[in-house]
There are 2 protein chains.
Amino acid sequence: MTQKQEQLSKNQQIVLNIIEKAKGPLKAYSILYNVQKRGIKAPLQVYRALEKLIEIGKIHKIESKNAFIACKNSDCEISKATAFSICNNCEHVKEIKNTKLSKYLSNFEDNSGMKYKKYNLEFFGLCKDCKLKQ
Amino acid sequence: MTQKQEQLSKNQQIVLNIIEKAKGPLKAYSILYNVQKRGIKAPLQVYRALEKLIEIGKIHKIESKNAFIACKNSDCEISKATAFSICNNCEHVKEIKNTKLSKYLSNFEDNSGMKYKKYNLEFFGLCKDCKLKQ
DNA sequence: CTTAATTTGTTATAATATAACGTTTGTTAT
DNA sequence: ATAACAAACGTTATATTATAACAAATTAAG
Ligand SMILES: [Zn+2]
Ligand SMILES: [Zn+2]
Ligand SMILES: [Zn+2]
Ligand SMILES: [Zn+2]
């Protein structure tokens, strides 16, 4: 009976709740500010929770923004393979769920024949809304 | 007569030289340390040079490492489309030059039919050397 | 219960990056 | 050449992001 669903600790649950409620990616110190009423006082408490949540695939880090977003892709293999679209104007971020893309990248071989299990892809452009407004 | 070759300023040239000589990506403060003998004293001088060098496509930022590497891909469209392989063990970083991959990603349409001109892809795995040593 | 592993709390500090300001240098057009 | 503008520079201070170190508390397993 493999216990698949990890049991989150108190701080991990608090941090995850904030991130899941947010409309977009949150920065660590913005998370800290938001959870201070719930007893988390120091950056490290936030970073530790973030580390664990990333490890188990509940959230991802948007590297180009140093921000954290909840995983919306249930098929995500534990943070191994991630792809996002990022709007240059409104900063809207969306996790891309596209089987063809993920297959293509997971099977990609570089010129030396090497394959990679893990990748992070960030696309930049204008989201629909921002494109219309221009 | 369009002057295609940008003329670099003094600081930009100094910073670029350091990065081009390096075997791998350099961090901003490591660059700063390396160029202090050449008159650059403050972080901002380095960051300004880095910004410009990225803008004209001479270097790229490895987002997952907060480090900077010289462009080895002459076809790189001014930092618009970048892909790297990163070794989890020895931290070796290599820019991927693969026409199929770049075409695939440049033409990629997400589920809403949106295309992206700019992207950054970072693959993680074990480089050849490290794989052998295991 | 006992032991080991994980999580927590706390303080301090490291590492990365930008704001603000005035000066200097380089380019362009008259 | 020189006025006008843009780009780059120098400098100080500060903001932002992230980790080290250590002790206490909690949880999971035998
Ligand atoms: Zn995901
Ligand atoms: Zn937008
Ligand atoms: Zn390049
Ligand atoms: Zn390696």
Side-chain angles (χ1 to χ4, degrees), chain A residues 1-19 22 24-56 58-69 91 93 120 122, chain B residues 1-19 22 24-69 78 91 93 120 122:
Chain A
M1 213 188 302
T2 46
Q3 191 78 3
K4 182 130 192 212
Q5 168 71 2
E6 288 264 4
Q7 185 61 36
L8 296 179
S9 77
K10 191 191 67 172
N11 287 359
Q12 290 158 12
Q13 191 62 64
I14 292 172
V15 169
L16 179 58
N17 283 344
I18 296 285
I19 296 178
L26 293 180
K27 302 211 152 210
Y29 278 73
S30 143
I31 293 169
L32 175 58
Y33 178 80
N34 276 288
V35 298
Q36 281 181 332
K37 61 197 71 166
R38 308 209 48 190
I40 294 182
K41 286 169 188 162
L44 199 41
Q45 296 175 286
V46 171
Y47 279 104
R48 286 198 280 226
L50 290 172
E51 185 182 31
K52 182 71 179 198
L53 292 169
I54 288 171
E55 192 185 313
I56 63 177
K58 290 285 189 188
I59 66 172
H60 303 297
K61 181 174 186 181
I62 308 298
E63 294 285 356
S64 62
K65 294 193 169 299
N66 297 317
F68 304 86
I69 193 172
E91 311 236 309
V93 174
N120 179 51
E122 298 182 5
Chain B
M1 212 187 302
T2 47
Q3 192 78 4
K4 181 125 191 216
Q5 168 71 3
E6 290 264 3
Q7 186 60 38
L8 295 181
S9 77
K10 191 192 66 173
N11 287 359
Q12 289 158 14
Q13 191 62 63
I14 292 172
V15 169
L16 180 57
N17 283 344
I18 296 284
I19 296 177
L26 294 180
K27 303 212 152 209
Y29 277 74
S30 145
I31 293 169
L32 175 59
Y33 178 81
N34 277 288
V35 297
Q36 281 180 333
K37 58 197 72 161
R38 308 207 49 189
I40 294 181
K41 287 170 188 160
L44 199 41
Q45 297 175 284
V46 172
Y47 280 104
R48 285 199 279 227
L50 290 172
E51 184 182 31
K52 182 69 180 197
L53 292 169
I54 289 172
E55 190 185 315
I56 65 178
K58 291 284 190 188
I59 66 170
H60 303 297
K61 180 173 186 182
I62 308 297
E63 294 285 357
S64 62
K65 293 191 168 305
N66 297 317
F68 304 86
I69 193 171
I78 312 290
E91 312 236 310
V93 174
N120 180 51
E122 298 182 3

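Proteins get letters first, then strands, A, B, ... in listed order; numbering begins at 1 in each.
Computed from coordinates, the A:Lys27 NZ to D:dA18 C1' distance equals 12 Å when rounded to whole Å. For the pair A:Tyr33 OH and D:dA15 C1', the computed distance is 17 Å after rounding to whole Å. What separates CD1 of B:Ile14 from P of D:dA8 is a distance of 14 Å, to the nearest Å. One atom, CD1 of B:Ile40, and another, C1' of D:dC9, lie 10 Å apart when rounded to the nearest Å. Atom CD of B:Gln13 is separated from atom C1' of D:dA8 by 14 Å (rounded to the nearest Å).
Expressed to the nearest 0.5 Å, how far CG of B:Leu50 lies from CD1 of B:Ile31 amounts to 5.0 Å. Note that the CG atom of A:Leu8 and the CD1 atom of A:Ile56 stand 5.0 Å from one another [nearest 0.5 Å].
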Seminar exercise, completed: For nucleotides 19-28 of chain D, 5' to 3', base contacts (B), sugar-phosphate-only contacts (S) and non-contacts (-) with protein non-hydrogen atoms under 4.0 Å give BBB-------
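Considering every non-hydrogen atom in both A:Ile54 and A:Phe68, the closest pair reads CD1-CE2, 3.9 Å.
Every residue two or more places apart in sequence or in another chain that forms a side chain to side chain donor-acceptor pair (under 3.5 Å) with B:Gln13 is listed here: B:Asn17. Residues meeting the salt bridge (Lys or Arg N to Asp or Glu O under 4.0 Å) test with A:Glu91, sequence neighbours left out: A:Lys65. Checked against side chain to side chain donor-acceptor pair (under 3.5 Å), A:Ser64 has the following partners two or more places apart in sequence or in another chain: A:Glu122.
Between A:Lys61 and A:Asn66 the shortest side-chain heavy-atom distance falls below 4.5 Å. Here the side chains of A:Val15 and A:Ile59 are not in contact, with every heavy-atom distance at 4.5 Å or above. Side chains of B:Asn11 and B:Val35 form no contact here, defined as non-hydrogen atoms less than 4.5 Å apart.
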Which pairs of donor and acceptor atoms, one on a side chain in residues 36-49 of chain A, lie under 3.5 Å apart (sequence neighbours left out)?
residue	atom	partner	partner atom	Å
A:Gln45	OE1	A:Lys41	N	2.8
A:Gln45	OE1	A:Ala42	N	2.8

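Each of A:Gly39 and B:Lys65 has a nearest nucleotide on DNA chain C; the 5'-most of these lies closest to A:Gly39. Both B:Ser9 and B:Asn66 lie near DNA chain D, and the one whose nearest nucleotide falls closer to the 5' end is B:Ser9.
The side chain of B:Lys41 places no N or O atom within less than 4.0 Å of a non-bridging phosphate oxygen (OP1 or OP2) of D:dG10.
For DNA chain C, the contact window with chain B, defined by any atom under 4.0 Å from a protein heavy atom, covers C:dT16 to C:dA20 in 5' to 3' order.
Residue B:Lys61 is in sugar-phosphate contact alone, with no base atom involved, counting any heavy-atom pair closer than 4.0 Å across all strands shown. Residue-level contact check: A:Gln12 touches the backbone only, with heavy atoms under 4.0 Å from sugar-phosphate atoms and none from bases.
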Problem set entry | Pairing annotation in dot-bracket form, given for DNA chain C with Watson-Crick or G-U pairs under 3.5 Å and | for cross-strand partners | ||||||||||||||||||||||||||||||
